[in-house]
Amino acid sequence: MPGSQQYTDSNAPSLEALGDSALIVRFGDRLDARINAQVHRAAALLAAANLAGVREIVPAYASLTVHYDPAFFSHDDSAQIDVSPFARIGERLLVLLHDSRDEILQTTRLIEIPVCYGAEFGPDLADVAAHAGLSEAEVVALHSTSTYRVAMLGFAPGFPYLFGLNESLHLPRRATPRTRVPAGSVAIGGQQTGIYPGELPGGWHLIGRTPLHLFDAARASPALLAPADEVRFIAIDADEFAHLQTSAT
Amino acid sequence: MSIEVLKPGLLSTLQDGGRHGSQHLGVGCAGAMDANALRLANYLVGNQANAVALEITLQGPRLRFETPALIALTGANIEASVDQSPVPLWRPIVLRAGSELVLGGMHSGARSYLAVAGGFDVASVLGSGSADINAALGSRSLQVGTRLDCKPQHRDRYQRLWSTLDAGAEKYRAASWWIDPAPWFDADPNIVVHTLRGAHFAQLDIESQRAFFAYEFRIGSESNRVGYRLQGPNLQLAAPLELISEGLSIGTVQLPPSGNAIVLMAEHPTTGGYPRIGHVASADLAKLAQARPGQTLRFVEIDLTEAQKSYLAQQMEIERLRLAIADRLHD
């Protein structure tokens, strides 16, 4: 039944049912900072609209997922009884997004993340350097001079997928994933860099570690980073890592 | 009031309606696998729909109640007794102080729900009392010696039930009425779930498209609250597909390169990048939640309009029951 599952007009994002109680608003299908900025603008806008019946708004790289309760969209004032909840919420979302597509993304936060690179903190730093044809110091310099953008959080609570990795540091994931990656590990996977919030399995290359806690459910803001935040890595040495680790809350 | 865990059972966790509103932080919903059984258990003891209850998997725990309690059991047909007296399911029951509730195996189904009037009192993490085992959020699964606290119960509200207990000499008192489990629990081991085509269904090769709705799948032994791993016809895409991570939903059927599909359940990750070939209709999620590893499963195609209609009809039926139960409880 393709007719009821796709709503498109030129210039607008496309809508796609994700089962009967969620839908995906799609802005593109590739890793692209400009598209991702659109996603976060739309996510902020829909969150601000605070639609009854919307359970969650989950931004990803090039799309955002809206989880909704079909019961809230089963009827409206138009007296059209044959319009499905998916069609009703879809129409409302597209109108909201269309009316405000020229608004610019609100200024985001810049978060600095101290990282101790290499040695036992980043066991794959040498491999990454060898693959890139650089020295370890050059890899650290390249990684810690870029400004990154949190493209999305996913995989595990507080895990940030970051945009902005220097192209010379792009490399395929490890052939064999580790079963346990230490919490705080800063890693490279494909064109992305990210930080493991807790001890997790993982297939990315570990180049360093931060003493900061990326996720703590007991904090007022459990995740240190939010989608659309800007991030910069600050290289620190092992002494400072130890010092920050004891003072980190 | 408090309940002492004498035996934990196979996997018993506290669950509510789920942890909603934090998926943008990578925090999944968790929550009861069989959301209907959770709600009905709660209604039977006068709780809100999604109060925290105990989700019991396959083999039940043994619990000692320190104070009198109003309880209800729903979901799979679990063996239940108080001091050797069998306890009926799907109805309110008042237990005396010191009662030992012994929950055993299930004749069919996989998950039972134990609700206590007032609800279990557990620290709320990001707005939910649900245990998320993989993310280590919320409470842990029951262990020997775990004490479960309960919120205060409004005994005055159910005077009649309580007074019959006070007057009698029995181990417990069950209400004279119950909910018919038939629409909410299906003991048939051959599971049929209505399923929508997913965004990437059309990219399956022709034989796989046919096989998905034509053949039986077996629920693999590594299935759990995160997802059910299916064994059956090997499903393959006509051509490889490069996808970037996107949102996922409970009921999403993902296809990893192995060709063995996975149906995502309550504790699924928030995002993922495998092709999405189907979505189990919300109205059939409870049926799926009651499936055991080793059982077979068939997907029957449904369209979005029908899926939403059947979900709405189911919700209306639950609402109708809520009113009827409230009426009886306050009688």
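All values below come from the heavy atoms of this structure, side chains included, with hydrogens, waters and symmetry mates left out. Proteins get letters first, then strands, A, B, ... in listed order; numbering begins at 1 in each.
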Looking at B/L243, B/T270, B/L312, which makes the most heavy-atom pairs under 4.5 Å with chain A?
-> B/L312
Name the member of A/D69, A/L64, A/V58 that forms the most heavy-atom pairs with chain B at distances under 4.5 Å.
-> A/V58
Let me see the working for A/R26 and B/E246 under salt bridge (Lys or Arg N to Asp or Glu O under 4.0 Å), right down to the final yes or no.
-> CA-CA 10 Å; A/R26 186 184 309 290; B/E246 293 190 311; 2.2 Å; yes
Check B/L126 against A/P222 and note the closest heavy-atom contact, atom names and distance.
-> CD2-CG, 3.2 Å
Honestly, the part of B/T195 sitting under 4.5 Å from a heavy atom of chain A is neither
Straight-line distance of B/S249 OG to A/D20 CG, nearest 0.5 Å = 8.0 Å
Take atom CZ of A/R92 as the centre, draw a 6.0 Å sphere, and report whether it contains more than 12 heavy atoms from other residues, nucleotides or ligands.
-> no
Can you tell which part of A/A156 gets under 4.5 Å to a heavy atom of chain B, answering side chain, backbone, both or neither?
-> backbone
With a 4.5 angstrom heavy-atom cut-off, could you sort out which part of A/A43 is near chain B: side chain, backbone, both or neither?
-> neither
Just do the side-chain contact (heavy atoms from CB on, under 4.5 Å) check on A/F159 and B/L25 with the steps written out, would you?
-> CA-CA 8 Å; A/F159 186 102; B/L25 304 179; over 6 Å; no
Chain A: which of B/I244, B/T271, B/I302 shares the most heavy-atom pairs with it under 4.5 Å?
-> B/I244
Atom group of A/P70 that falls short of 4.5 Å from chain B, counting heavy atoms = both
Are there more than 12 heavy atoms of other residues, nucleotides or ligands under 6.0 Å from atom CZ of B/R298?
-> no
For A/I24 against B/R276, the heavy-atom pair lying closest together | CD1-NH2, 3.5 Å
Which one of B/S282, B/A307, B/G278 has the most heavy-atom pairs closer than 4.5 Å to chain A?
-> B/S282
From CD (B/E306) to OG (A/S84), nearest 0.5 Å | 11.0 Å
What option among A/R55, A/H67, A/M152 has the most heavy-atom pairs under 4.5 Å with chain B?
-> A/H67
Pair count under 4.5 Å, heavy atoms only, with chain B: among A/A22, A/S63, A/A217, highest is A/S63
Engaged part of A/L200 at the chain B interface, taking heavy atoms whose separation is under 4.5 Å | neither
Does the pair A/L18 and B/H279 meet the rule for a side-chain contact (heavy atoms from CB on, under 4.5 Å), with working shown?
-> CA-CA 7 Å; A/L18 182 76; B/H279 297 277; 3.4 Å; yes
Please report the C-alpha distance between B/R19 and A/E56 in whole Å, then the side-chain angles of each, then the deciding distance to 0.1 Å, and finally whether the salt bridge (Lys or Arg N to Asp or Glu O under 4.0 Å) criterion is met.
-> CA-CA 10 Å; B/R19 189 167 281 115; A/E56 305 245 11; over 6 Å; no
Taking every non-hydrogen atom, the tightest pair across B/V27 and A/P157 = CG2-CB, 3.7 Å
Give, as side chain, backbone, both or neither, the part of B/L248 having an atom under 4.5 angstrom from any heavy atom of chain A.
-> backbone
Which atoms form the tightest heavy-atom contact between A/Y68 and B/Q308, and what is the distance?
-> OH-NE2, 2.8 Å
Per-residue contact mode, A/F73 against chain B (heavy atom under 4.5 angstrom) | neither
If you draw a 6.0 Å radius around CG in B/D121, do more than 12 non-hydrogen atoms from other residues or ligands fall strictly inside?
-> yes
Compare every heavy atom of B/H24 with every heavy atom of A/P227, then report the nearest pair and how far apart it is.
-> CG-O, 3.7 Å
Would you mind checking which part of B/Q315 comes under 4.5 Å of any heavy atom in chain A, side chain (CB onward), backbone (N, CA, C, O), both or neither?
-> neither
Does a sphere of radius 6.0 Å around CD in B/Q48 hold more than 12 heavy atoms from other residues, nucleotides or ligands, not counting ones at 6.0 Å or beyond?
-> no
